[in-house]
There are 2 protein chains.
Amino acid sequence: MSQPVVDRGADLRDALGADIGWLLGQTLRSYMRMADGAAQDLPGGMRGYQVLTAAANGCVSTQLSLARELGLDRTVMTHLIDGLEAAGLIQRTPVPGDRRAKQVAVTDAGRAEWQRVRDLLGRAEDHLLDPLSPDDRGAFRTLLRRVAGQQKLDVGAMCQMASEVREDC
Amino acid sequence: MSQPVVDRGADLRDALGADIGWLLGQTLRSYMRMADGAAQDLPGGMRGYQVLTAAANGCVSTQLSLARELGLDRTVMTHLIDGLEAAGLIQRTPVPGDRRAKQVAVTDAGRAEWQRVRDLLGRAEDHLLDPLSPDDRGAFRTLLRRVAGQQKLDVGAMCQMASEVREDC
DNA sequence: TATTGTTATACTCTATAACTATA
DNA sequence: TATAGTTATAGAGTATAACAATA
């Protein structure tokens with residue numbers, strides 16, 4: 001009780017800067033402002049880009065495993081893939097051996113588009129990390145990857161599942 | 001053209017781990033899952049908490065400057081403050097000298113509630129940063145603060161404005 | 001004429017449930 | 001009975017416009 005009222009004179013910048021939720025939110029918002037421009041021509045925007053990333057770089061997979069991979073609902077995945085397929089960027093093909101499931105594969109156009117957007121996003125990232133030195137950028141990326149990595153991807157299970165379908169994994 | 005098709009054999013984890021937007025999104029989502037529990041009793045949830053943070057730690061301010069500070073629309077701010085005021089956590093008082101504006105001040109109950117939620121969020125943050133060593137946690141916080149800090153707060157302008165109203169700033 | 005706060009409206013995103021066709 | 005995909009619907013979150021009171 002002999003102390004002054006807690007934080008009465010503290011600066012707002014310090015208070016918000018101590019809130020990691022606020023820092024992450026502001027950082028993501030700042031990045032999204034730039035990224036939305038890069039992905040605006042892509043059906044589904046940034047989420048469409050993530051689907052394209054997973055389809056282009058992971059093992060060939062079904063809609064459901066893709067949804068689980070990206071932490072999306074399967075109803076959302078349906079709409080995203082509708083848009084990407086209508087734009088000719090990915091293709092739905094039946095899974096031999098399970099006629100319920102559909103295999104999702106990137107087309108050549110989809111791969112090219114993915115690379116185009118990826119390069120634009122790279123510039124957005126450069127701009128975001130501008131206040132850091134090259135060394136610090138690497139450190140930040142490494143630390144962020146470790147923090148984000150704790151809710152693990154379970155990519156192994158996905159590849160195993162997909163390998164039942166194709167062997168080029 | 002003599003190169004193999006780009007990224008054909010790359011792992012999905014690597015592809016997503018190279019996407020800073022995805023990393024930030026996953027990290028924020030992971031944090032929010034824990035934080036929502038901490039702020040669930042607070043009107044407005046996490047955004048309500050941020051309003052409370054700004055009101056408790058910054059200079060006394062109007063709704064509009066608070067909204068600008070937090071990057072919210074002023075219509076959203078109205079609803080958030082409606083909830084917080086109904087819960088007795090903050091108080092709207094007229095600004096002497098400008099009868100259009102309303103001053104937002106934290107009540108004693110609001111300050112106590114802010115501290116309670118802040119402590120819970122601290123635990124969520126500890127859990128989020130669990131995969132890092134103590135040194136790395138500090139480094140991550142510092143780097144993130146610098147990255148987030150680039151869209152600057154303009155706290156100075158806010159304090160100046162508020163000091164026209166009160167002098168305890 | 002511009003600003004503060006409020007209200008109403010619409011649009012996006014997300015979550016849920018129901019339905020089909022397969023297994 | 002359970003699973004993959006689709007569709008429809010409702011909810012939250014956000015953005016926009018219009019309004020009243022005041023500067």
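All values below were derived from every heavy atom in this structure, side-chain atoms included, with hydrogens, water molecules and symmetry-related copies excluded. Sequence lines set the chain letters: A, B, ... in the order given, protein chains first and strands last, and positions in each chain run from 1. Note that the coordinates shown come from a computational prediction; the quantities given were computed from them, not determined experimentally.
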Q: Reckon B:Arg68 has a side-chain N or O less than 4.0 Å from the OP1 or OP2 of C:dT4?
A: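 Yes, within the criterion.
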
Q: Looking only at non-hydrogen atoms, find the nearest pair between B:Arg111 and B:Val106 and report the distance.
A: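 Distance-wise, the nearest heavy atoms are N-CG1, 3.5 Å.
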
Q: Nearest heavy atom decides the nucleotide; on that basis, is A:Thr75 or B:Asp82 closer to the 5' end of DNA chain C?
A: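 Going by which nucleotide is closer to the 5' end, it is B:Asp82.
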
Q: Between B:Asp73 (CG) and D:dG13 (C1'), how many Å, whole number?
A: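 The answer, rounded to whole Å, is 12 Å.
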
Q: Can you tell whether the side chains of A:Asp14 and B:Arg145 come within less than 4.0 Å, N to carboxylate O?
A: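 No.
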
Q: Send over the distance from B:Arg100 CZ to C:dG5 P, rounded to a whole Å.
A: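 One finds 9 Å between P of C:dG5 and CZ of B:Arg100, rounded.
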
Q: Does D:dT6 have OP1 or OP2 under 4.0 Å away from a side-chain N or O of A:Arg92?
A: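 True: A:Arg92 side-chain N/O within range (under 4.0 Å) of D:dT6 OP1/OP2.
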
Q: D:dG5 C1' sits how many Å from A:Leu72 CG, rounded?
A: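 Atom CG in A:Leu72 sits about 15 Å away from atom C1' in D:dG5.
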
Q: Roughly how many Å is it from CD in B:Glu85 to P in C:dG5, rounded to a whole number?
A: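 It works out to 13 Å between those atoms.
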
Q: In whole angstrom, what separates A:Asp98's CG from D:dT3's P?
A: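 So the CG-P distance, A:Asp98 to D:dT3, works out to 12 Å.
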
Q: Has the side chain of A:Ser30 got a donor or acceptor atom that lies under 3.5 Å from a matching backbone atom of A:Gln26?
A: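 No.
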
Q: For a quick test of reading the model: is some side-chain N or O of A:Gln103 closer than 4.0 Å to OP1 or OP2 of D:dA4?
A: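 Checking A:Gln103 against D:dA4: no side-chain N or O falls below 4.0 Å of OP1 or OP2.
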
Q: Hey, is the side chain of B:Thr78 poking within less than 4.0 Å of OP1 or OP2 on C:dG5, counting only N and O atoms?
A: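 For B:Thr78, the contact criterion (side-chain N or O under 4.0 Å from OP1 or OP2 of C:dG5) is not met.
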
Q: Looking at D:dT14, I'd like to know if its phosphate oxygens (OP1 or OP2) sit under 4.0 Å from a side-chain N or O belonging to B:Arg47.
A: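 So the side chain of B:Arg47 is within the cut-off, an N or O lying under 4.0 Å from OP1 or OP2 of D:dT14.
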
Q: Rounded off to whole Å, could you give me the CZ-to-P distance for the A:Arg74 and C:dA18 pair?
A: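 Value for this atom pair: 13 Å.
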
Q: Tell me if a side-chain donor or acceptor on A:Glu85 pairs with a main-chain N or O of A:Arg92 at a distance below 3.5 Å.
A: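 A pair under 3.5 Å: yes.
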
Q: Just by modelled atom types, is the B:Gly88 backbone N or O under 3.5 Å from a matching donor or acceptor in the B:Thr107 side chain?
A: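 A pair under 3.5 Å: yes.
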
Q: Whole angstroms only, please: what is the CE-P distance between A:Met32 and C:dC13?
A: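 After rounding, the gap between these two atoms is 10 Å.
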
Q: Please classify the nucleic acid contact of B:Arg99 as base, sugar-phosphate, or nothing, using heavy-atom distances under 4.0 Å.
A: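 Sugar-phosphate, no base atom in range.
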
Q: From the list D:dG5, C:dT16, C:dT7, which nucleotide is the closest neighbour of the side chain of B:His79?
A: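 Given the options D:dG5, C:dT16, C:dT7, the side chain of B:His79 is closest to C:dT7.
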
Q: To the nearest Å, give me how far apart CG (A:Leu64) and C1' (C:dA23) are.
A: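 So the CG-C1' distance, A:Leu64 to C:dA23, works out to 14 Å.
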
